[in-house]
Amino acid sequence: MTHPDFLWRNPEPRPAYDVVIVGGGGHGLATAYYLARNHGITNVAVLEKGWLAGGNMARNTTVIRSNYLWDESAAIYEHSLKLWEGLSDELDYDLQFSQRGVLNLAHNLGDVREGRRRVNANRLNGVDAEWLDADEVKKFCPVINVSERARYPVMGATLQRRGGIAKHDHVAWALARKADAYGVDLIQGCEVTGFEITDGRAVAVRTSKGRIAAGKIALASAGHTSVLAAEAGIRLPLQSHPLQALVSELLEPVLDCVVMSNAVHVYVSQAHKGELVMGAGIDPYNSYGQRGAFHVIEAQMAAALELFPIFSRVRVLRTWAGIVDVSPDASPIVGRTPVEGLYINAGWGTGGFKATPGSGWVYAHTIAHGEPHPLAEPFALDRFTTGALIDEHGAAAVAH
Amino acid sequence: MMLIECPHCGPRDENEFRYGGQAGVSYRPEDTSDEEWAGYVFLRDNPKGWFHERWFHVHGCRTWFSVERHTLTHEIRKAP
C-alpha cells in the first residue's frame, strides 16, 4: 500500500456550519471525530490559527495514565484510557500506543502515604494500580538509583501497568484523517478574532478568513482560551503558563517504562525512536511566549540525574515550551458558558494529552445534546462558585 | 532567564524572585455574594499583552513590588 499524498483536504471555510470548533489540536480534532462518529454531526469546521496539531499537541511528553485520586477524575481519565486501548484499530492507524507502565516515585514518608492512598482509591474506582517497595521498583526499572544515600531516596512507587505513551503526531493525523473522511472541514491558518453574540447567544465567529456562522461554537484552545473567552465577555479561572520539555539525543533502548516524580518535578520516558523525553513543572509566571527559562530545565536535569546517574553524559538535543492553561484546582473545565451556544473545554493544564479521546468524547456529547455528559458534569465552570472543586493539585500529581 | 529590576537591589536574575500573580487585587469585605467571593478567590486576569503583576525578591531583600510585564515578549517596564 502506498502512503496517500494527503490525509485530509485543505478546504476554505464555508459561510456556515452546525458546529465550529476553535482549535485544531488533539482535543479539537477528537471532538470533531466523535461529533461525527457518535452523534452523526458532520457539518462541522475545526478552525486552527496555525497548522493542525502544532501547539501543545506537538509539544507534550505523551504520557498516558488514569491513576488520579478523586472519583470524578478517575472516571474521566479511565474512560479516556479505555478509548486509547482501542484507538489504533478504530482509527486504522498505528498510534504506537505502548502500555509500558507508569511509575510515580515516593521519596519521603508523605509521598509513601499519599501513594498508597492513591493506589487504594484507584482500585476502588476500577483503575489498575499497584504499590511497589524500593526493591520492586529496582526490579521493574533497573536504571533508577534506589540507593539510600541518594539525594532523593526512592522509598517506593505506585505503578499503573496500563499507563504508557503514544506517538502524539500519529494521534493527531489519525483523528484528522477520520474527521475529514466524515466531511469535517479542517481549516488551517484561520484565526478566530471574536464572536458575534445576539441576545446572549453566540451565532458566528469572526476570523482572519471572514465571518463564519455557527449553530454552536466550541472552544478547544488550551493556553489561549482566556484570550478568546474575553472576546465573548467571559472571565475564566485560568492562568496561562509556559511548560517546558526536552529530548535527548537518540539512545539504544535503556528505559522501558515511564517514570514520574512529583516531589522533584521530573518525568521521563524513552520514545520509540530512542530519545529520552523529559518534562518539568511550569515556569511560574503568566506567559504566552512558548518559551521558558533555562534554570527550570537545569533544576529538572539535576533531579533527573540524581534518579538516573546512568544518564549523566547524555546530551540534550532540544528544549521547547507550550502554553498550558492551569485552573485553580488543576482539573479541567468542560461544559456550557454564560453565553448560550458557546461551549468550553479548557484547563487541562499540564496533562491534556492523555485525555485526548476521553475529552473529545464527553465534549462532543455535551455539544450535541446541549447538556453535559455525565463524566463532564462535575467539571462545569460553576464549581468555582459552588465550591465543589476537584482538587488534583498534588493529589494525583503536580507534574502530569 | 529574565532580568527583573528590584526597587531596592536593582536588576537581578529571575530565579532570585518568586512570582506573586496579578497586582492590585484588593481584599473583599465579608458581605459578598457567592459569585463575588468566587471571583475574588479564583478569577484573575490572564491577558496576552501587558500585565500588572507582583514579584517578591525572596532570595534578596525580600521586598514585594509591582511591575508591568508583557506576557508575550516578557519585556518589563516599571508600573506607573
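Reminder, nothing fancy here: chain letters follow the sequence lines and each chain counts from 1. Model, not experiment: these values are computed from the prediction.
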Measuring heavy-atom distances to chain A, does [X] have an atom under 4.5 Å in its side chain, in its backbone, in both, or in neither?
X       : answer
B:Gln22 : side chain
B:Asp45 : both
B:Arg18 : neither

Evaluate the criterion side chain to side chain donor-acceptor pair (under 3.5 Å) for residue pair A:Asn286 and B:Thr71; output intermediate values, then yes/no.
CA-CA 6 Å; A:Asn286 290 30; B:Thr71 59; over 6 Å; no
Nearest 0.5 Å, what's the [atom1]-[atom2] distance between [X] and [Y]?
X       : Y        : atom1 : atom2 : value
B:Asn46 : A:His241 : CG    : NE2   : 7.5 Å
B:Phe42 : A:Leu238 : CZ    : CG    : 12.5 Å
B:Phe51 : A:Ser287 : CZ    : OG    : 11.5 Å

What closest approach, in Å, do B:Glu14 and A:His295 show between heavy atoms, and which atom pair accounts for it?
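Taking B:Glu14 first and A:His295 second, the nearest heavy atoms are OE2-NE2, 3.3 Å.
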Measure A:Leu389 against the heavy atoms of chain B and call it side chain, backbone, both or neither at under 4.5 Å.
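The answer is the side chain of A:Leu389.
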Can you tell which part of A:Leu236 gets under 4.5 Å to a heavy atom of chain B, answering side chain, backbone, both or neither?
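When you check distances to chain B, only backbone atoms of A:Leu236 fall under 4.5 Å.
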Based on non-hydrogen pairs under 4.5 Å, which of B:Gly20, B:Ser33, B:Pro47 is most in contact with chain A?
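Answer, by heavy-atom pair count under 4.5 Å with chain A: B:Pro47.
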Do the non-hydrogen side-chain atoms of A:Tyr285 and B:Trp55 ever get within less than 4.5 Å of each other?
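Yes, close enough: below the 4.5 Å cut-off.
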Do the side chains of B:Thr73 and A:Tyr288 get nearer than 4.5 Å, heavy atoms only?
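No; the side chains remain at least 4.5 Å from each other.
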Can you confirm whether A:Trp51 is buried at CH2, in the sense that more than 12 heavy atoms of other residues, nucleotides or ligands lie under 6.0 Å from that atom?
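Open.
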Quiz question: by atom type and distance under 3.5 Å, do the side chains of B:Asp34 and A:Thr385 form a donor-acceptor pair?
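There is no such pair (donor and acceptor under 3.5 Å, judged by atom type) between the side chains of B:Asp34 and A:Thr385.
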